[in-house]
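Heads up: numbering here begins at 1 and tracks the sequence.
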Amino acid sequence: MKYLYRVYQLFVAVPLLIVWTIIISLMILVGCAIGNGHFWGYYPGKWWGWAIIRLLLLPVKVEGRSNMEKDKSYVFVANHQGAFDIFLIYGFLGRNIKWMMKYQIQKIPFVGAACRASKQIMIDKRGPKKIKASYDQAREVLTDGISLMVFPEGARTFTGHMGRFNRGAFMLADELQLPVVPITINGSFNVMPRMRDWHWVNWHPLSLTIHQPVYPVDKGSANVASTMTDCYSSVMSSLVPEYQGFVENPDQ
């Protein structure tokens with residue numbers, strides 16, 4: 001069955017996904033140029049993520065959508081198990097989001113241009129001014145039910161376990177007094193671990209657990225620390241036993 005799945009990937013799934021990615025990227029570029037960036041900046045990406053998961057025949061389970069209020073802006077934070085986290089969240093979270101992502105993604109053909117056109121938040125750490133500009137952009141988009149998606153570990157895990165959370169997303173949520181929604185991802189590390197990028201996709205179920213929002217109870221460093229601790233505990237609580245517990249990532 002494993003080798004049959006690989007033949008399917010090679011001759012069916014991968015060619016279709018390359019074409020689909022180019023089509024979606026062009027759709028975003030044209031749509032955002034015409035107008036209504038909130039629509040074109042989200043829905044084509046949602047269709048893209050959903051199609052990739054379905055085309056690769058990966059089962060998905062989502063729990064906790066009822067924990068989110070309609071038309072409310074949130075800061076979402078999730079563990080970062082692998083590349084398939086992006087497809088899973090985009091395709092199945094069900095919220096209009098902007099991504100906080102590494103600026104190097106802009107270099108990916110078609111995808112990078114689509115990310116710039118749809119005003120995703122590119123984090124550039126090559127100096128305080130560039131970091132400030134990224135957060136200024138994030139403040140502008142967190143309105144009218146648009147939410148922000150952040151991987152607070154900053155990088156994908158090498159082990160499947162969570163590393164430490166960085167403070168940036170929680171400081172932004174504190175400044176804007178927005179609730180933070182923790183999300184637990186399971187299965188993405190098994191589908192394609194970081195050490196095997198661009199290798200075969202392994203068939204494995206994926207799950208997305210959306211926890212109760214953590215609302216601000218104050219403003220300032222104490223609220224940031226408390227929110228970050230609560231979110232970390234929530235995300236950890238729903239990880240499968242195999243990946244429970246903190247393991248430091250070498251590139252954090």
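With respect to Arg164 and Glu153, no salt bridge is recorded, no charged nitrogen being found less than 4.0 Å from a carboxylate O.
For the side chain to side chain contact (heavy atoms under 4.5 Å, CB included) test, residues two or more places apart in sequence or in another chain that qualify with Ala83 are Arg156. The side-chain hydrogen bond (donor to acceptor under 3.5 Å, both in side chains) search around Tyr215 returns Glu69, not counting sequence neighbours. Residues passing the side-chain hydrogen bond (donor to acceptor under 3.5 Å, both in side chains) test with Asp85 are His80, Ser188, sequence neighbours excluded. A search for salt bridge (Lys or Arg N to Asp or Glu O under 4.0 Å) contacts involving Glu175 returns Arg139, not counting sequence neighbours. Contacts of Arg95 classified as salt bridge (Lys or Arg N to Asp or Glu O under 4.0 Å), with partners at least two apart in sequence or in another chain: none. For His211, the side chain to side chain contact (heavy atoms under 4.5 Å, CB included) partners at least two apart in sequence or on another chain are Pro182, Thr184, Thr209, Ser234, Ser237, Ser238. A search for side chain to side chain contact (heavy atoms under 4.5 Å, CB included) contacts involving Gln244 returns Met236, Leu239, not counting sequence neighbours. In this structure Ala114 satisfies the side chain to side chain contact (heavy atoms under 4.5 Å, CB included) test together with Ser25, Ile28, sequence neighbours excluded. For Asp218, there are no side-chain hydrogen bond (donor to acceptor under 3.5 Å, both in side chains) partners at least two apart in sequence or on another chain. In this structure Lys61 satisfies the salt bridge (Lys or Arg N to Asp or Glu O under 4.0 Å) test together with Glu63, sequence neighbours excluded.
Ile185 and Ala78 make their closest contact through CD1-CB, 4.1 Å (heavy atoms, listed as atom of the first residue, atom of the second, distance). Closest non-hydrogen pair, Ser207 versus Leu88, comes out as O-CD2, 3.7 Å. Among all heavy-atom pairs drawn from Leu172 and Met100, the shortest one is CD2-CE, 4.5 Å. The minimum heavy-atom distance linking Met68 with Leu93 is given by the pair CE-O, 3.8 Å. For the residue pair Val235 and Met162, the shortest heavy atom distance occurs at CG1-SD, 3.5 Å. Considering every non-hydrogen atom in both Leu58 and Tyr5, the closest pair reads CD2-OH, 3.7 Å.
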Derivation of the side-chain contact (heavy atoms from CB on, under 4.5 Å) call for Asn223 and Val217: CA-CA 7 Å; Asn223 182 61; Val217 294; 3.9 Å; yes
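Cluster partners of Phe158 are Phe189, Met195, Val240, Tyr243, counting Ile, Leu, Val, Met, Phe, Trp and Tyr whose side-chain heavy atoms approach within less than 4.5 Å, directly or via other members.
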Hey, can you pull the donor-acceptor pairs under 3.5 Å for the side chains in residues 13-24, sequence neighbours left out?
| residue | atom | partner | partner atom | Å |
| --- | --- | --- | --- | --- |
| Thr21 | OG1 | Leu17 | O | 2.8 |
| Thr21 | OG1 | Trp48 | NE1 | 2.9 |

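For Phe84 and Phe87, the ring centers are positioned less than 6.0 Å apart.
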